[in-house]
There are 2 protein chains.
Amino acid sequence: MSERRTKKANGQWALADFKVGVDNVIFSVDTEQNRLLVLLVMRDKAPFLHYWSLPGTLVREGESLENAAYRMLAEKIRAKNLYLEQLYTFGGPRRDPRESAESYGDRYLSVSYFALVRFAEAELVADGVSGIAWYPMSQLPDLAFDHAEILQYGYRRLRNKLEYSPIAFEVLPELFTLGDLYQLYTTVLGEGFADYSNFRSRLLKLGFLKDTGVKVTRGAGRPAALYRFDAEAFAPLKDKPLVFV
Amino acid sequence: MSERRTKKANGQWALADFKVGVDNVIFSVDTEQNRLLVLLVMRDKAPFLHYWSLPGTLVREGESLENAAYRMLAEKIRAKNLYLEQLYTFGGPRRDPRESAESYGDRYLSVSYFALVRFAEAELVADGVSGIAWYPMSQLPDLAFDHAEILQYGYRRLRNKLEYSPIAFEVLPELFTLGDLYQLYTTVLGEGFADYSNFRSRLLKLGFLKDTGVKVTRGAGRPAALYRFDAEAFAPLKDKPLVFV
């Protein structure tokens, strides 16, 4: 690439020209089957035709990055309370084959966004795409571009948010047992992230899980108390540094 | 801007063309005067001629985002262990006057980076810029572009890192008293972020502050023990979620 790193005749360095894409890392947890899922779409054009990829789009004239990300998702998924949070920007040279002089010649930069949605409330929209699927993180296909790297970055953010924020309660059903909560953490963080009884006592000590007084029986186990997340009790803790695991 | 949001003749939406900049939010703490500082440079060209701004540059052909950020800093500051971490990407329309059709007509996107450097080891380089300064966060001038917003985002990241990571020990002298440490936290997080005796006992319980056995006297106070950060004792905690305040 040394020929592209030359100074222009006026002694100034040539600036790179960019197109800007947004790519969304959308996670969900299937709490019935205890699987962490990520939303993928099959590409219907070159490059990487028929490869699975993160759902993304290119930013249009006059459009903000965030609006582009929401516009794109609105075409793929209907979900309550889908809040995107910016993840990371990938912008190195040679991350997109369309950069070559034989193609469009522009650099392609990707601003990635992250969300976690409740599985039962998310409805996929298949209109006009060659494929759309919730893929289990444990069985990922080869992904287009550097999307495997973007996805791993998103996965680290998800783990981090589970450790430091009450994001789990956005995907659990409204009423859940402490076993359900532990199972969700295990599904995302892996077996043995914490001992169950430590986890249980730590969470209860934080004071925002309310026992509803109702008990359920799951399988052959003893009846377990149903809890709910008490947003009011959590409010004063919102800006305090907390650890959940 | 509605005239720019039109579809092209072939029915496709017009994509925005971008130039990409990197802007660095570099903090330091003057532990003698207990002031949080940010590195600013005075712009020597339009737009915002003679305004203070975050040190930034535009990405050149063939150059990665991170390399552009380091290239730029190498011209402004000599510091040991300066590690940049990506902060956030600001890319909305109308954030840069050069976007107008009468100017260059491209959108300008800013990928911001963050670092905290040790004040005593950072040497500013004034060559060829109209001004460079460590500005106290409490006395900021008007900043160019949306740099005030980028700076506030960086400030939130700094507070966050102080709460959840041992970043404080990267800017304190190698040997420090617990009072010095508390003062550093107060300088960044503000008075009353935590009670001193709680802070002290929490930090000591984490087990990676080693008493050197040496005592110093600061002003009229009682002699206080000098501690050092024990990186080896911290290593097993590195990937565990921790709270420092």
Side-chain angles (χ1 to χ4, degrees), chain A residues 1-8 12-22 57-68 71 85-95 99 104-113 153 159-160 162-164 189 193-194 239-245, chain B residues 1-8 12-22 57-68 71 85-95 99 104-113 153 159-160 162-164 189 193-194 239-245:
Chain A
M1 303 295 284
S2 63
E3 72 284 4
R4 305 197 61 183
R5 278 174 168 279
T6 49
K7 286 194 184 186
K8 290 194 292 190
Q12 296 211 307
W13 292 89
L15 299 179
D17 289 309
F18 285 88
K19 293 287 189 289
V20 173
V22 289
T57 189
L58 291 167
V59 177
R60 296 173 180 169
E61 287 189 352
E63 186 177 49
S64 72
L65 305 177
E66 211 169 43
N67 285 353
R71 162 173 63 76
E85 139 183 346
Q86 199 185 94
L87 192 56
Y88 199 79
T89 295
F90 297 81
R94 292 178 290 283
R95 59 172 297 278
E99 178 187 333
Y104 295 99
D106 279 350
R107 291 263 293 269
Y108 283 74
L109 176 145
S110 165
V111 183
S112 54
Y113 285 83
Y153 198 95
R159 297 170 62 103
N160 206 269
L162 223 56
E163 290 167 353
Y164 290 111
L189 300 180
F193 76 93
D239 295 319
K240 299 229 168 106
L242 280 187
V243 170
F244 289 73
V245 299
Chain B
M1 304 292 284
S2 63
E3 71 285 4
R4 304 197 61 182
R5 279 173 168 278
T6 49
K7 287 193 183 186
K8 289 194 292 192
Q12 295 211 310
W13 292 90
L15 299 179
D17 290 309
F18 285 88
K19 292 288 189 289
V20 172
V22 288
T57 188
L58 292 167
V59 177
R60 297 173 181 169
E61 287 190 353
E63 186 177 49
S64 72
L65 304 177
E66 210 170 43
N67 285 354
R71 163 173 61 78
E85 142 183 342
Q86 201 187 92
L87 192 56
Y88 200 79
T89 295
F90 297 80
R94 291 177 291 283
R95 61 171 296 278
E99 178 187 333
Y104 295 99
D106 279 350
R107 292 261 292 269
Y108 283 75
L109 177 144
S110 165
V111 183
S112 54
Y113 285 84
Y153 198 95
R159 297 171 63 104
N160 206 269
L162 223 55
E163 289 167 354
Y164 290 112
L189 300 180
F193 76 94
D239 295 317
K240 299 229 168 105
L242 282 186
V243 170
F244 289 73
V245 298

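Quick caveat, the model's predicted, so the values are computed rather than measured. Side-chain atoms are counted along with the backbone in the values below, which use heavy atoms only and exclude waters and symmetry mates. Every chain is numbered from 1, with letters handed out A, B, ... down the list of sequences.
Contact annotation for A/Val111: only side-chain heavy atoms (C-beta onward) come within less than 4.5 Å of a heavy atom of chain B. Only the backbone of B/Leu242 comes within contact range of chain A, with heavy atoms under 4.5 Å apart.
For A/Tyr104, the OH atom is loosely surrounded, since the number of other residues' heavy atoms within 6.0 Å does not exceed 12.
Between B/Glu61 and A/Leu15, the shortest heavy-atom distance links the atoms CG-O, 3.6 Å. The nearest pair of heavy atoms linking A/Tyr164 to B/Lys240 is OH-O, 4.3 Å. Across all non-hydrogen atoms, the minimal contact from B/Pro241 to A/Val245 is CG-CG2, 3.5 Å. Taking each heavy atom of A/Gly62 and B/Pro93 in turn, the nearest pair found is O-CG, 3.5 Å. Residues B/Val20 and A/Phe18 approach most closely at CG2-CD1, 3.2 Å, considering heavy atoms. The two residues B/Lys19 and A/Ala16 make their nearest non-hydrogen contact at CD-O, 3.5 Å.
From A/Tyr88, atom OH reaches atom OG1 of B/Thr89 across 9.0 Å, with rounding to the nearest 0.5 Å. Distance check, rounded to the nearest 0.5 Å: CZ of A/Phe90 to CD of B/Gln86 gives 7.5 Å.
For B/Glu85, the salt bridge (charged side-chain N to carboxylate O under 4.0 Å, His left out) partners are B/Arg157, B/Lys161, not counting sequence neighbours.
Heavy-atom pairs under 4.5 Å with chain B were tallied for A/Leu58, A/Leu87, A/Asn160; the largest tally goes to A/Leu58.
Residues A/Arg107 and B/Val59 are in side-chain contact: their nearest non-hydrogen atoms beyond the backbone lie under 4.5 Å apart.
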